[in-house]
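Taking it in order: structure first as structure tokens, then the write-up.
Along the sequence shown, residues are numbered consecutively beginning with 1.
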Amino acid sequence: MAIELQELFAAQAKLDARIAHDHNVTYASTRDRRVMALIVEIGELANATRCFKYWSNKGSEEKEVVLDEYADGLHFFLSLGIDIKTSKNVYHITKHQDDLTKQFHLVYHNIDNFYKKQDDKSFIKAFQSFFNLLPLLGYRWNSLKNAYYKKLQVNYDRQNNNY
């Protein structure tokens, strides 16, 4: 199944433009902070899954919470892709780790490589590893896409309320 991102890149660009205008920032002036925000959001996603908490019998957060955290990560990936003018806007789920914790490690590793290189090739690899979390989380692209649009509205509401 193809994950087509043209529509989401366009929606994210509009939100980014609003934020840039309201907060007098640019992609260049916020790239380091957006990468940090992405890392934090991936951590919040991992925490919501509880996949690494070997000391606990408590299961994952509710589906809506996990999808919301994933959508937060997607927002920052899209924003960074726009920033670097990524060449790729269609992805497919590809080979992933056999364990969710290992896949999170791979996502972090690839985000770190992107941060060091800040090029399209390393961005695509990081974004791909993020999409490869989906089957391990047990979600389909349509669920994530819906979560993205729900969170997009929340983000606009926040801007409207001087967040």
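Side-chain contact between L100 and L133 is present, with at least one heavy-atom pair separated by less than 4.5 Å. Under the 4.5 Å side-chain criterion, counting only non-hydrogen atoms from C-beta, Y115 is in contact with D32. Residues D83 and R31 form a side-chain contact, since some pair of their non-hydrogen atoms from C-beta on lies under 4.5 Å apart. Looking at N146 and K150, their side chains never come closer than 4.5 Å, going by heavy atoms from C-beta outward. In this structure, the side chains of Y139 and K63 come closer than 4.5 Å at one or more pairs of heavy atoms.
No more than 12 heavy-atom neighbours from other residues, nucleotides or ligands sit within 6.0 angstrom of CG on N24. Other residues, nucleotides and ligands place no more than 12 heavy atoms under 6.0 Å from the NZ atom of K117. Within 6.0 Å of atom NZ in K88, more than 12 heavy atoms from other residues, nucleotides or ligands are found, so the atom counts as buried in its surroundings. Counted within 6.0 Å of CD on E62, heavy atoms from surrounding residues, nucleotides or ligands total 12 or fewer; the atom is thus considered open.
For K58, there are no salt bridge (Lys or Arg N to Asp or Glu O under 4.0 Å) partners at least two apart in sequence or on another chain. Every residue was checked against the side-chain hydrogen bond (donor to acceptor under 3.5 Å, both in side chains) condition with R140, not counting sequence neighbours, and none meets it. Under the salt bridge (Lys or Arg N to Asp or Glu O under 4.0 Å) criterion, D72 pairs with K151, sequence neighbours left out. Partners of D120 according to the salt bridge (Lys or Arg N to Asp or Glu O under 4.0 Å) rule, which considers only residues two or more places apart in sequence or in another chain, do not exist here.
Of the residues listed (F131, Y70, Y91), the one engaging W141 in a ring pair (Phe, Tyr, Trp, His ring centres under 6.0 Å) is F131, and it is the only one.
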Which atom pairs, one a donor and one an acceptor, fall under 3.5 Å between side chains of residues 75-82 and the rest of the protein, sequence neighbours left out?
from : atom 1 : to  : atom 2 : distance (Å)
H75  : ND1    : Q12 : OE1    : 2.8
S79  : OG     : D16 : OD2    : 2.9
S79  : OG     : R34 : NH1    : 3.3

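Interatomic distance, H109 NE2 to D112 CG, rounded to the nearest 0.5 Å: 7.5 Å. Put simply, CZ on F127 and CG on N110 are 13.0 Å apart, with the number rounded to the nearest 0.5 Å. To the nearest 0.5 angstrom, H105 atom NE2 is 8.5 Å from D99 atom CG. Residue L5 holds its CG atom at 7.0 Å from CG of L74, rounded to the nearest 0.5 Å. The CE atom of M36 sits 11.0 Å away from atom CD1 of I111, with the distance rounded to the nearest 0.5 Å. Taken to the nearest 0.5 Å, the CZ atom of F104 stands 8.5 Å off from the CZ atom of F130.
Sequence neighbours left out, not one pair with a member in residues 8-27 passes ring-ring contact (aromatic ring centres under 6.0 Å, His included).
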Pair E7-Y149, side chain to side chain donor-acceptor pair (under 3.5 Å): steps then yes or no: CA-CA 11 Å; E7 183 181 302; Y149 280 113; 2.6 Å; yes

Residue pair N132, Q128: steps toward the side chain to side chain donor-acceptor pair (under 3.5 Å) verdict: CA-CA 6 Å; N132 288 345; Q128 180 66 62; 3.0 Å; yes

Derivation of the side chain to side chain contact (heavy atoms under 4.5 Å, CB included) call for T49 and L136: CA-CA 10 Å; T49 71; L136 294 168; over 6 Å; no

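The backbone N or O of L15 sits less than 3.5 Å from a side-chain atom of Y156, completing a donor-acceptor pair. Proximity of a side-chain donor or acceptor of Q103 to a complementary backbone N or O of S129 within less than 3.5 Å is detected. Proximity of a side-chain donor or acceptor of T26 to a complementary backbone N or O of S29 within less than 3.5 Å is detected. With hydrogens and angles disregarded, a donor-acceptor distance shorter than 3.5 Å links the side chain of S60 to the backbone of A48.
Aromatic ring pairs are classed by plane angle as parallel below 30°, tilted from 30° to 60° and perpendicular above 60°; the pair F52 and W55 is perpendicular.
Between V66 and L45, the shortest heavy-atom distance links the atoms O-CD1, 3.5 Å. The heavy-atom pair separating R50 from G59 by the smallest distance is CD-O, 2.8 Å. Between L38 and G73 the shortest heavy-atom distance is CD1-O, 3.5 Å.
Note on L106: it does not cluster hydrophobically with L134, by side-chain heavy-atom contacts below 4.5 Å among ILVMFWY residues.
Side-chain contact, Q153 with D157: a donor N or O sits under 3.5 Å from an acceptor N or O.
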